[in-house]
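These notes concern the structure reproduced below.
All ligand and atom numbering here is 1-based and tracks the order in the structure. Computed over heavy atoms, backbone and side chain alike; hydrogens, waters and symmetry mates excluded.
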Amino acid sequence: MTTWAEKYRPIYFEDIRGQEEAVAKIKDFIKNFPLKKRAIILYGHTGTGKTALAHAAAKETNSEIFELNASNLRNKEKLKETLKPAIEQQALLKKGKIILIDEVDWVMGEDRGGIQELSELIEISEYPMVLTANDAWTKKLAPLRKKCEIVELKDLDYKIIKDVLIKILRKEKKFIDNKILTEISVKTKGDLRAAINDCQTISKLSSEDQIKTLFDERNKEEDILDALKKIFKLKATNETLRTFDQIDMKTDEIILWIEKNIPLEYQDKKLAKAYELLSETDLFNGRIYKQQYWRFLVYENIFLSYGMASLNKENKTNFTKYKKPTRVLKIWMNNQKTIQKKSISEKYAKHSHISIKKAMKEFPIIKQLINSNPKIPEELDLNEDEMAYLKG
Ligand SMILES: Nc1ncnc2c1ncn2[C@@H]1O[C@H](COP(=O)(O)OP(=O)(O)OP(=O)(O)O)[C@@H](O)[C@H]1O
Ligand SMILES: [Mg+2]
């Protein structure tokens, strides 16, 4: 059970794509150790090759790697206990050694003592230390910065991402439509791990389903934006009543979109009226669900469409750039999801001896792997809620 991102992880410097500057800097850092700094921070967005680069540096210099991560920084004393012996000169060690402290910025607020301890240990390290972080400039890392060389890993260009995907697909003998590959490469915004994961997911679908998935995603957003334009810009007519009929979205979510965009469209009295209408719909919605008067659902749509459009005394022609909602329900829904996702990841991580963070990052693939074999959920001892989440 490996993911493509794992299977195709870079081994040597030349496998690390699009990070020539960072590669040159880490080479230089190791070559000059300990003349300048004793540690280097590799920072950059997720999935750009930080951890991979640290491992490649060890491989290229024939060094062994000693690896810790944020969870080891939690306890100051324990950190010292583990790290100190590792950074001291070992007479018998013929190979070189690189000390990797992965994801240092993942230490929580209350664990900052670990950062202080780490920064003291850097000064006496007999071996080059490589630290990785998404953000090197957060306040909590301040004590480390002056002791480290700081090197950025760039968001990968979509052309590089696409090229990596094509090569992987060739090796896997899988096919994805060129348009979809471009879409994945652009949408993942420089995160190659995410791109590889998306690619693995979508490669399992038939080419028809691949295209359908792509367009469903796109259309859903276009549809709701179109609907918003109708109810916010046009006078109410009979046509208005059908605005939400064709949209594949639950009323709860439609309400969120409307709520988010009301202030972009109305001011003063109209703003107040629009909110009033929305809260009435919300109340109504609650009542329908509680008393199960399903046939009233249709009125709810009327409130939202006709009601909202009645605020427009005439058709407007101005352009408004609508926003995506982020609030309440969505956050709540996501939190619910996160809880299940976390507990499943924990179980999977334990079972497969990988870190929980890694399992969380590779979740879409792990989800597929678990779903693909009925024995796995049993092996992982997943409960009903976790199973429901996986099937949803
Ligand atoms: N620059 C790159 N060149 C080639 N492959 C890459 C590169 N960056 C990421 N990858 C792919 O993505 C996977 C994850 O990369 P890596 O673990 O190095 O990311 P990271 O920058 O450490 O991310 P995070 O901040 O989430 O820890 C790799 O196994 C590899 O498949
Ligand atoms: Mg990493």
Side-chain angles (χ1 to χ4, degrees), residues 1-27 40-60 65-73 98-107 129-138 141 150-172 174 181 184-185 187-201 203 341-342 345 349 352-366:
M1 278 211 299
T2 55
T3 62
W4 287 359
E6 195 60 34
K7 186 168 170 191
Y8 295 101
R9 69 170 193 279
I11 308 290
Y12 298 101
F13 284 146
E14 64 171 15
D15 305 325
I16 309 262
R17 303 288 308 271
Q19 306 292 4
E20 288 73 16
E21 242 182 275
V23 170
K25 282 185 176 159
I26 200 170
K27 268 186 193 167
I40 188 170
I41 301 183
L42 305 176
Y43 80 96
H45 290 144
T46 189
T48 50
K50 301 176 295 294
T51 305
L53 180 54
H55 281 272
K59 186 87 184 169
E60 293 268 3
I65 195 154
F66 180 87
E67 185 171 349
L68 294 178
N69 61 38
S71 60
N72 304 101
L73 297 179
I98 285 178
I99 314 282
L100 169 61
I101 317 281
D102 211 12
E103 301 168 352
V104 274
D105 54 343
W106 272 62
V107 291
M129 289 179 77
V130 180
L131 282 49
T132 75
N134 291 125
D135 180 5
W137 307 104
T138 64
L141 298 191
I150 300 176
V151 171
E152 183 185 11
L153 272 82
K154 303 214 163 62
D155 290 350
L156 292 163
D157 186 85
Y158 90 92
K159 289 191 196 117
I160 295 182
I161 295 189
K162 196 172 163 187
D163 189 55
V164 173
L165 299 183
I166 289 173
K167 289 191 170 125
I168 293 180
L169 286 167
R170 234 178 252 155
K171 285 190 190 140
E172 293 289 329
K174 291 267 165 48
L181 272 186
I184 295 175
S185 310
K187 276 253 169 82
T188 44
K189 297 194 186 116
D191 178 348
L192 183 49
R193 179 198 288 113
I196 297 174
N197 285 343
D198 283 359
C199 190
Q200 188 173 5
T201 306
S203 75
K341 187 171 154 185
K342 234 178 153 172
S345 299
S352 316
H353 308 287
I354 61 171
S355 79
I356 295 170
K357 193 187 161 200
K358 187 161 199 174
M360 296 275 286
K361 278 188 209 156
E362 315 231 309
F363 197 79
I365 296 298
I366 288 171

Check: Any salt bridge between Asp163 and Lys159, counting N to O under 4.0 Å?
Finding: no
Item checked: Minimum heavy-atom distance between Ala57 and Ile26, given as atom pair plus value -> CB-CD1, 4.0 Å
Checklist line | N or O pair under 3.5 Å between Lys361 and ligand 1 | finding: yes
Next item on the list: Do me a favour and list the nearest non-hydrogen protein atom to atom 28 (C) of ligand 1 with residue, atom name and distance?
Entry: Ala5 O, 3.8 Å
Check: Does some non-hydrogen atom of Thr132 fall short of 4.0 Å from ligand 1?
Finding: no
Notebook entry, point to check: Tell me, which protein residue and heavy-atom name are nearest atom 6 (C) of ligand 1, and how many Å apart are they?
Noted result: Leu192 CD2, 3.2 Å
Item checked: Salt-bridge present (Glu60, Lys27; N to O < 4.0 Å) -> no
Notebook entry, point to check: Just distances here: any N/O of Gln19 and N/O of ligand 1 closer than 3.5 Å?
Noted result: no
Item checked: Test of proximity, Lys357 against ligand 1: N or O pairs below 3.5 Å -> no
Next item on the list: Just let me know how Ile196 lines up against ligand 1, side chain, backbone, both or neither, with a heavy-atom cut-off below 4.0 Å.
Entry: side chain
Check: Are Gly18 and ligand 1 in contact, using a heavy-atom cut-off of under 4.0 Å?
Finding: no
Margin query: Looking at non-hydrogen atoms alone, which of Arg193, Glu6, Lys50 comes nearest to atom 21 (O) of ligand 1?
Written below: Lys50
Check: Any N or O of Gly47 that comes nearer than 3.5 Å to an N or O of ligand 1?
Finding: yes
Notebook entry, point to check: Is Gly49 in polar range of ligand 1, meaning some N or O pair under 3.5 Å apart?
Noted result: yes
